[in-house]
Structures are given as structure tokens and as C-alpha cells.
Protein chains: 2
Amino acid sequence: MREILDIQKQLLPDLVDTMKKRYTILHHIMISGLVGRRTLALSVGTTERVLRAEVDFLKEQGLIEVEASGMRISGAGRELLERLEPVVKDLFGLTELEERIRSHFGLKQVIIVPGDSDVSPHTKKELGRAGASVLRKLVGEDETIAVTGGSTMAEVAYHLTPATPMKGCWFVPARGGLGESVELQANTIASTMAKKAGARYRLLHVPDHLGEEAYQSLMQDSHIAEIIAFIRGARIVVHGIGEAMVMARRRKVDPETTESLRHDGALAEALGYYFDRDGNILHKMPTIGLRIEDIHNMDHVIGIAGGKSKGASIASVLKHGHEDVLVTDEAAALEVVNRLLS
Amino acid sequence: MREILDIQKQLLPDLVDTMKKRYTILHHIMISGLVGRRTLALSVGTTERVLRAEVDFLKEQGLIEVEASGMRISGAGRELLERLEPVVKDLFGLTELEERIRSHFGLKQVIIVPGDSDVSPHTKKELGRAGASVLRKLVGEDETIAVTGGSTMAEVAYHLTPATPMKGCWFVPARGGLGESVELQANTIASTMAKKAGARYRLLHVPDHLGEEAYQSLMQDSHIAEIIAFIRGARIVVHGIGEAMVMARRRKVDPETTESLRHDGALAEALGYYFDRDGNILHKMPTIGLRIEDIHNMDHVIGIAGGKSKGASIASVLKHGHEDVLVTDEAAALEVVNRLLS
DNA sequence: GCTTTGTTGGACTTTTTTTGTCCCAGTGCT
DNA sequence: AGCACTGGGACAAAAAAAGTCCAACAAAGC
């Protein structure tokens, strides 16, 4: 069922909205028994005029009966409502989840795709598609977009398509070498995205595991300094979110640091920073690029991650509070919400 | 899947149309490879301007890529098209069936609901709902609607709901006593419909199995004559279609007539008339009301019947050629089409 | 290299649809 | 009878869609 809904959403994006609106109205009418237009408009939160149009439609469809004394649900309407119940629950369950997470963390937007990326590769694809779609909607003209690495980001890159305003954009890696494998590095992702979107890109080539001394000398280099300034001028950043210990292992962080992270209860990793369950920064990878304070001033900070196992990490990063948009999947979202309750 | 589509159709009637339109465009683009707006508009049969709006939409959705040299399908578009295939096949399969039957018999409209009424009671309900919906769309103000009896018609009656233009309408039985059981008699159906629709009704009380003499004297009666004139003034008739032998048995037609019907190859029954496989009238039940010549002059003749077993009967009545609108189900429609081929 | 025929996308007007606003004539309850 | 509701008609304002024309560009043929 979700399959078909998902297809329809691409062909008719405001399908769910319309369905929700009409369902809500019909539901209210059923609950109320006999109700008038103005009262109803008030309780569903629309103006009287647009509700009137909807009511006319419902009447036309024979779903409600309208008399001089008010309107009531018809037999067909009641039946439809019953059949609609599971669909709506499924459909708006996610919408409700989105709204709940959005308001709790004060985000601009939350998008949840159905499924669990841990289990189904298809869900991970959907996550990528949703991420690409969000990005497409947010970019303006001639903007710089900073991206991180990771398998989820790779999926986003894959689903990116050329869009008019993207032509003049630049894709850049958010941070330098973090020890990822080549195909998941920020540099690779940035260039893939640019190619997919028909945009341009600039890369930041720095070696992994930088010592303090090397770091300083690198920053002196005018080329590097220039590209870093360029990166910091980005107004949009898209980043993945990882589990702290998983990321530490994958990036071959040295044993002492790993132990210290474990000891401090590191839960999440994003943009080279490690966070504990309250969203505090525990550690920063020794590399260059966007700093957390750069992030705070950005127009759009988009976090993308899914899978039940990442729920806790996502919650932790959201607590830190620099996110604007979250794209995740159902399983992770449920985990996040569970954490709110406890 | 059909369940959800069916629900959606009630909440968003032009959903299928829009989906079809966009699918067609996308499909054309894929087929063509690289194609321009005007060429495309020509081949999908729209004006350039509305196609432009659609193209803008598809571009927005990232389903196509548009360059100065034309537009082509994107990866996402290709994928969507693939996923859409089964849906479309299912969805437009019926639409194609409808069109095929419509054009072959020169009807105004054909509506096919999915399923087989013989097997699934749910399909029969859908048939009723579709019939009611068609009727609701065709009635004008203060019109007279003649209806027949039968279980399908009872279902139509059940699904009828009050609609504004119906308030001033009259429901009347199309023909007098045909030997049906009470709950399936035209009189009962007419009154039920009127009650459901918030309209008025007039009945025609005549005994079953009328002899010639009684028939003549009945026609002399001014009350009867008046109501029959009223019935013949109807501009809309809604009738069921039955299998000849089944109907003959149910209505307890006398053995000789039954045998003669069988001998002549009677296949279908509608409005008290019996038809052979070529649509010729074999026999007319001895009762009063609408005659076949009245039917021919009507604005809207709506035939409603479903179930695989009725396919042959429906085809036979359609061949007679007085129908304007046919409401049936998938199983019956397939039977009808099969008969066209052989 | 030039022409021709296609392409997109911008700009404008006309038409249609949606929305906002008032108001009137009922209905049902007290 | 009075009151607080109801639906629905009417009309203007606003917004969206559609029709129309044209400029700028791309590709293919000559």
C-alpha cells in the first residue's frame, strides 16, 4: 500500500494533503453528528469559504447529507470513513510523528519515510530520494552547499537530479579528511552530487589524522585557506549522522580517544564532532573545514540518517540544537520519540 | 491496491485522470528520448501551454531533465515509470475496457468496477455505488426517473444519497407487475430510491400475469392511464439486465412460453423484454408501462448489471442498441469483449 | 559558415477558478 | 416570539491557469 502511495506522491504531491483535509472534515462531521458550516470551519481551522467548497464537493460525492438544519454524514460517507481509517492511520501516523519531532526540537521541517533502513535497502533508497528532494526545494541560485560523507549521503547524491536553480551552485565537502573510505568521503560525495545536479564543485584535499603542527602549516597555505573560506561561506549544509562508536571504529580513531569517548558516553557523530546523549560535544576530529559555530549561522542545516540503530544518535544530535531539517525513516523516528517519553 | 485506489477516487475523483495524464507524458518522453514541447504536445494531444505546466511540474519533481535542446527522462523518472507500470496497467486496463465497449456499441458512457459480482458481494455493492453515482450525475431538476426491479437495482437504491437536483424528481417503476418478489419489485425499488434521494415517487399497482381482457380494461382506468402517461414522460430510465432463463424461472413464466424462449435461444431479459444473442426481441411480458419504443426516445437509458454469468446477456441487450450508459463489473465486461472477438 | 527547424523560457493578456465578504431566508430550540 | 444557529445566493477581489507571441539558443543539414 505504501508503495502505491509513494508513487502517487511523486505524481501528485498534494494528494496526501487533500486527502487529509477531506478526511478531517468528514471525520469532524461524523463526530459532530449534525453541524453547521461556520462551526465546522472553526473546528477544522479553515475559512468558511474554502470549507464551503469542500462541503459542496463532499455533497456532490454523496458522502454527506446537507439540510437546512446542518449537515450530517451519509451512509456512504460513514462507510468510506471506515475504509479510510487504516490508510489514514498509516499515512498520517508519519505526519504526526514528523510534527511531534519538529515541534519538540524546534526544527523547520521533518521528513519521515516509511520503513527501517537497517533492515530494508529500499528504505535507505527512499531516504536518499527524500533527502535529494528536500535539498532541491531549499537551494537558491548560485549557492554553496557543504556536504559530508557516509553511505546515506552517497544515497542522496545518487538520487539528485538536475534542477534549474542548481546550475550555478557549488558543492563542497564540509570537512577535510575524516578517515572514511574513498567512496564515502565527503570529497567524493560532493563531486558526485555536483555531477548529478549539473553544478560545479571544489574539493578539499587534506590528509587524514593530522598532527597539530601539520594542521597549522596547512592552514598557512593560501590555497587551502581560500577554499576553507569558500566552504565557510556556504548557506546550506547537508550531513549524515552516525553512531559514535561505529564511526570511531570505521575511521580508525586511536585507542585512547576511543576509550575516552566510550567512557564519556559518546552516542553520536556528525560533521566530525562527537556528542553525548544530552547533545554536548565530547570531541572534535582533528581536521579542517566547517566548525560547529559556522553551522549555527547557516540558513539550512539538513541532517539525514535512518535506521532503528541510529535513533539514539539522531536524538542526541537534535538535542545539541543546530539542526533545521531532519530527514529520517520511520524506525529511527520512533526511537527518537521513545526517547522523548522516557 | 484497488481498495485504496477506490477510496481515493471518492476523495479525489480526478486523481486517476491526473495520474494518467502525467504518466502518459512521462511515458512519451521516455519513448522519444529527447523531445520538444510542441512535438510532445501534439503527440499526447494537449495544447502547448498546459503541457508546459505539466513539464514544469515534472521538472520540479526531478522526473525529467530539460535542456535547451529538449527534454529527456531522468533516472528518477525512469524508475518511477517502472514502478508505475503495474498500477497503470491495472488502473487503465479498466479504462481501456470501458472505451472499447463504449465505442463498439456506440454508447455515451461505460463504467466498469473491478471484480466479479457473482463471486464477491463487495463488487455488487460497488456496482450499486457506481450506478447511484452515475444517476446522480445525470439527473436534472424535476425529472422523472423510471426504474426496474432486481437485486442489482436494489443495491443502487441502497447507495443513493440526497443530492440537490434530485429533490424535485419523481421515481416511478418502469413497468408493472413482472412477478418479482416484493423486495425486488420495481415499485419497492422506486419508493426506496425516492426516500433515499429525498425525492418523490408514484407507484403502479398492477397484478402479475395479466390476461388480455384484464389488460384492456385496466388501460381504460383513468388513474392507471394517467400514471402510465406520467411514466412515459420520463427522460431517464435505469434498468437491470438478467439472464433470460433465470428470469423466466424466477418470475414463474408459464411452461409453454419458457419452452418457446429456450427454443428461440433467449439470452437476456431487460424491462420485461426477452432478447436473443443478436439483440432481437423474442417476447414481451404481458404487463404495462414503458414500451421499447418509449425507451428509444429517452435522454438517458442506463443499464446496470454485473457478474461473469451475465456477460452474454449484457452483450445481447447492448446489441439491441437502445442503451446509452452501461454500468457493469470487470468480469462481465471481459465476457462482453470476448464475445466481440468471436 | 549559414540557414532552417527545432528547442526553452520569458512576457503579456485573457479566461477561469478560487477565495473573501455580505446578506437573506430558513430551522430548531428555549 | 426570540435567538442562535443553519445553508445558500450574489458579487467583487484575488489568484491561478491557459492562450499567444516572441526572443534567444541549439543542432542538423547543406
Side-chain angles (χ1 to χ4, degrees), chain A residues 12-15 17-18 21-22 25-26 28-74 77 140-142 161-168 198, chain B residues 12-15 17-18 21-22 25-26 28-74 77 141-142 161-168 197-198:
Chain A
L12 242 98
D14 49 356
L15 170 108
D17 291 326
T18 313
K21 184 172 63 180
R22 296 194 170 153
I25 294 172
L26 200 55
H28 261 92
I29 295 179
M30 187 189 68
I31 298 288
S32 311
L34 184 61
V35 68
R37 212 169 48 202
R38 279 169 273 264
T39 323
L40 188 58
L42 215 67
S43 65
V44 299
T46 32
T47 67
E48 186 198 329
R49 196 57 183 76
V50 331
L51 185 116
R52 188 169 167 179
E54 293 302 326
V55 161
D56 282 348
F57 166 82
L58 292 174
K59 186 174 56 179
E60 198 65 29
Q61 290 292 315
L63 299 173
I64 60 173
E65 295 164 10
V66 25
E67 305 154 28
S69 57
M71 48 209 174
R72 67 176 81 246
I73 197 159
S74 77
E141 279 180 39
D142 303 334
T161 50
T164 327
M166 278 203 191
K167 300 284 180 202
Chain B
L12 238 96
D14 47 357
L15 171 109
D17 292 326
T18 312
K21 184 173 61 180
R22 297 196 170 151
I25 293 173
L26 200 56
H28 261 91
I29 294 178
M30 188 188 67
I31 298 289
S32 312
L34 184 60
V35 68
R37 218 167 42 203
R38 274 170 277 266
T39 323
L40 188 59
L42 215 69
S43 65
V44 299
T46 32
T47 68
E48 189 198 326
R49 195 57 183 77
V50 328
L51 185 115
R52 188 170 166 178
E54 292 301 327
V55 161
D56 283 347
F57 166 83
L58 292 174
K59 187 174 55 175
E60 197 65 29
Q61 291 291 314
L63 298 173
I64 60 173
E65 294 163 13
V66 26
E67 304 154 30
S69 57
M71 49 208 173
R72 68 177 79 249
I73 196 159
S74 77
E141 277 180 39
D142 303 334
T161 50
T164 326
M166 278 203 191
K167 299 285 180 200

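The sequence lines fix the lettering, A, B, ..., with proteins before strands; numbering per chain opens at 1.
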Using a heavy-atom cut-off of under 4.0 Å over every strand shown, decide if A:Val55 touches base, sugar-phosphate, or nothing. nothing
Measure CE/B:Met71 against P/C:dT7 and give the value in whole Å, please. 8 Å
Would you mind reading off the distance between A:Lys59 atom NZ and D:dG9 atom C1', rounded to a whole angstrom? 12 Å
When we call it a touch if two heavy atoms are under 4.0 Å apart, what does B:Glu67 touch: a base, just sugar-phosphate, or nothing? sugar-phosphate
Report the residue from B:Leu26, B:Ile31, B:Leu34 that forms a side chain to side chain contact (heavy atoms under 4.5 Å, CB included) with B:Ile73. B:Leu26
Testing C:dG6, C:dT21, D:dG19 for proximity to the side chain of A:Arg49, the answer is C:dT21
Let's test your reading of the model: under 3.5 Å, does the base of D:dG7 pair with the side chain of A:Arg38 as donor and acceptor? yes
Residue B:Arg52, side-chain heavy atoms: nucleotide from C:dT8, C:dG10, D:dA26 that is nearest: C:dG10
Side-chain contact check for A:Ser69: nearest option of C:dG20, D:dG8, C:dG28 is C:dG28
Of the listed nucleotides D:dC5, D:dA26, C:dG9, the one nearest the side chain of B:Arg37: C:dG9
Of A:Thr47 and A:Ala68, the one whose closest nucleotide on DNA chain C sits nearer the 5' end is A:Thr47
Can you confirm whether more than 12 heavy atoms, excluding those of A:Glu60, are under 6.0 Å from its CD atom? no
Spacing of A:Glu48 atom CD relative to C:dT19 atom C1', expressed in whole Å: 11 Å
Write down the distance between CG (B:Leu51) and P (D:dT20), rounded to a whole number of angstrom. 15 Å
